[in-house]
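I have placed the structure first, in the form of structure tokens, so that the comments after it can refer back to it.
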Amino acid sequence: MSQFNSVFKNKTVLVTGHTGFTGPWLCLWLKTLGAKVIGVGLNPLTAENMFSSVDLQNKIEASYILNINNYQDVKDIFDKHKPDFVFHLAAQALVRKSYHETLETFETNVMGTANILEAARHNGSVKAGVFVTTDKVYKNMEWVWPYREHEALGGKDPYSASKSAAEMVLKSYAESFFHTADSMNIAVARGGNIVGGGDWSDDRLVPDFVRSIVNKTKLTIRNPNATRPWQHVLALCHGYLCLAEKLITEPEIATGAWNLGPRPEDAIAVSALIEKFGEVWQEPSIEHVPADLAEAQLLALDSSKAKTRLQWSPPWHIDEVIAMTADWYRRYYDGEISAHDLTLEQIETYQKAI
């Protein structure tokens with residue numbers, strides 16, 4: 001695969017959620033492709049975080065700490081920078097948190113998305129927008145076979161429901177306002193459970209694993225048999241970049257929803273993931289507790305469409321994903337290399353693997 005045919009070189013790219021986990025990985029990759037990156041997001045949620053670790057604020061053209069729920073603030077950024085591309089990652093992205101901060105979850109994931117679309121609509125500079133939702137938008141029937149893009153949407157928990165609602169907003173804007181030759185082309189990316197270095201979020205398996213090793217505490221497990229489509233954060237960044245490129249070069253095939261999931265054999269149970277991490281790093285002390293909130297037990301994606309039409313295929317299988325993730329954290333805590341340089345090194349390794 002080419003370096004996205006230089007489609008991002010010297011282009012202004014707006015990334016929302018640049019203070020989260022995936023955002024810094026995507027921003028740094030875009031910088032290697034020659035893009036002028038503008039970041040918009042809230043202050044990081046944890047003291048230790050990817051944004052600060054890689055010093056992203058000083059690595060991109062502009063970084064704004066603001067809430068996307070404030071439409072005027074969002075519009076001002078669009079008017080000032082006139083982005084060519086938008087990658088919308090900003091979200092309340094935790095299932096368990098959505099039960100406790102329900103209104104915030106719906107406001108951010110639904111109205112925040114509408115604010116981005118409305119600002120892009122009135123600005124007119126954006127030619128391609130990649131909007132990130134989740135694999136959890138599907139009405140989960142606990143099927144043994146994977147879900148395809150045409151399957152019914154649903155969402156029992158507030159997080160999943162808010163992301164499904166966001167997709168309805170996206171579809172409405174696409175059909176109501178973005179249907180002319182000179183308007184923004186929209187793609188929706190539905191990814192699986194992301195792992196990789198630099199994630200210190202609460203209530204996520206790998207960060208909890210890392211904390212148990214670093215702090216020498218017990219790892220609490222609620223759903224050891226739950227199966228998830230685990231994938232490296234770079235696999236999803238890769239998919240987002242492929243989509244953005246196709247929205248420019250072949251918009252007739254790139255618009256709409258896309259599953260970006262791992263190989264079927266890489267969807268493994270929580271207990272198996274922990275075991276594999278223990279083999280390449282350390283085995284934590286584990287404490288099993290009953291699940292107190294409803295969570296899906298089985299979920300897999302069919303990504304045939306992306307592999308066929310985008311030529312997107314993550315080069316790392318699950319053992320490599322785990323090895324690269326463990327390696328990032330191990331070397332970060334050993335202090336042998338800066339988080340910024342370590343991240344760029346892994347981006348380069350991934351690109352070579354492509």
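The structure displayed is predicted, hence computed values, not measured ones.
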Without swapping roles, check the side chain of N259 against the backbone of D302 for a donor-acceptor pair under 3.5 Å. yes

Would you say the side-chain atoms of S338 pair up with the backbone N or O of D341, donor to acceptor, closer than 3.5 Å? yes

E61 bridged to K36 by N-O distance under 4.0 Å: no

Y159 and N109: side chain donor to acceptor below 3.5 Å: no

Would you name the heavy atoms of A257 and K305 that are closest together and state the gap between them? O-NZ, 2.6 Å

Any chain of hydrophobic side-chain contacts (each under 4.5 Å) joining L234 to L56? yes

Under 4.0 Å between a Lys/Arg side-chain N and an Asp/Glu carboxylate O for E287 and R222? no

How are the rings of F21 and W25 set relative to one another: parallel (under 30°), tilted (30 to 60°) or perpendicular (over 60°)? perpendicular

Is the F8 ring parallel, tilted or perpendicular to the F85 ring (thresholds 30°, 60°)? tilted

How close do L260 and A189 get, heavy atom to heavy atom, and via which atoms? CD1-CB, 3.8 Å

Does the distance from a Lys or Arg side-chain N to an Asp or Glu carboxylate O, for K163 and E167, drop under 4.0 Å? no

Following the transitive rule for hydrophobic clusters with a side-chain heavy-atom cut-off under 4.5 Å over Ile, Leu, Val, Met, Phe, Trp and Tyr, establish whether L89 and L42 coincide in one cluster. no

Is there side-chain contact between K75 and N123, with heavy atoms separated by less than 4.5 Å? no

Assess, by modelled atom type and distance only, whether the side chains of N70 and N67 contain a donor and an acceptor separated by less than 3.5 Å. no

Qualifying residue for side chain to side chain contact (heavy atoms under 4.5 Å, CB included) with W230, from V206, V270, I194, D266: V270

Hey, is CG on L45 packed in by over 12 heavy atoms from elsewhere, all under 6.0 Å? no

Check the hydrophobic clustering (I, L, V, M, F, W, Y; side-chain heavy atoms under 4.5 Å; chains of links allowed) and say if I65 and I60 are grouped together. no

Under the criterion side-chain hydrogen bond (donor to acceptor under 3.5 Å, both in side chains), I'd like the reasoning laid out for D182 against T180: C-alpha separation, chi angles, the key distance, then a yes or no. CA-CA 6 Å; D182 60 346; T180 61; 2.8 Å; yes

Quick check: closest heavy atoms across Y329 and G196, and the distance to 0.1 Å? OH-O, 3.3 Å

Could you walk me through whether R190 and Y138 pass side-chain hydrogen bond (donor to acceptor under 3.5 Å, both in side chains), step by step? CA-CA 10 Å; R190 301 169 179 168; Y138 291 108; 2.8 Å; yes

Are any of the side-chain nitrogens in D203 or R96 under 4.0 Å away from the carboxylate oxygens of its partner? yes

Minimum-distance pair of heavy atoms, taken over all atoms of Q231 and G192: OE1-N, 2.6 Å

Could you check whether any side-chain N or O of S160 sits under 3.5 Å from a backbone N or O of K156, counting only pairs where one atom can act as donor and the other as acceptor? no

Does a side chain donor of either N49 or T19 reach within less than 3.5 Å of an acceptor in the other side chain? no

Geometric class of the W29/F4 ring pair [parallel <30°, tilted 30-60°, perpendicular >60°]: perpendicular

Does R263 use its side chain to pair, donor to acceptor, with the backbone of S313 at less than 3.5 Å? no

Are any of the side-chain nitrogens in R331 or D334 under 4.0 Å away from the carboxylate oxygens of its partner? no

Anything under 30° is parallel, anything over 60° is perpendicular, the rest tilted; go ahead and classify Y64 against H81. perpendicular

If Ile, Leu, Val, Met, Phe, Trp and Tyr residues are connected whenever their side-chain heavy atoms lie under 4.5 Å apart, and connections chain through other members, are V126 and V40 in the same group? yes

Hey, does the side chain of E107 reach the backbone of G112 with a donor-acceptor pair shorter than 3.5 angstrom? no

So that I know where these two stand, are W316 and H238 an aromatic pair - ring centroids less than 6.0 Å apart? no

Hey, is the main chain of N225 close enough, under 3.5 Å, to the side chain of N223 for a donor-acceptor pair? no

Are V130 and L26 in one and the same hydrophobic cluster, where Ile, Leu, Val, Met, Phe, Trp and Tyr link if side-chain heavy atoms are under 4.5 Å apart? yes

If only atom types and distance count, is the side chain of S212 paired as donor or acceptor with the main-chain N or O of F209 below 3.5 Å? yes

Kindly give the heavy-atom pair with the smallest separation between A235 and W312, and that separation in Å. O-NE1, 3.0 Å

Report the C-alpha distance between Y332 and E48 in whole Å, list the side-chain angles of each, state the deciding distance to 0.1 Å, and finish with yes or no for side-chain hydrogen bond (donor to acceptor under 3.5 Å, both in side chains). CA-CA 12 Å; Y332 170 80; E48 203 163 17; 3.2 Å; yes

Please give me the minimum heavy-atom distance between T108 and Q92, naming the atom from each residue. CG2-N, 3.9 Å

Does any donor atom in the side chain of T16 or H88 lie under 3.5 Å from an acceptor atom in the other side chain? yes

Between T343 and W328, is a side-chain hydrogen bond (donor to acceptor under 3.5 Å, both in side chains) present by the stated rule, with each step listed? CA-CA 8 Å; T343 302; W328 195 102; 3.2 Å; yes

Just checking, any donor-acceptor pair under 3.5 angstrom between side chains of H122 and E118? yes

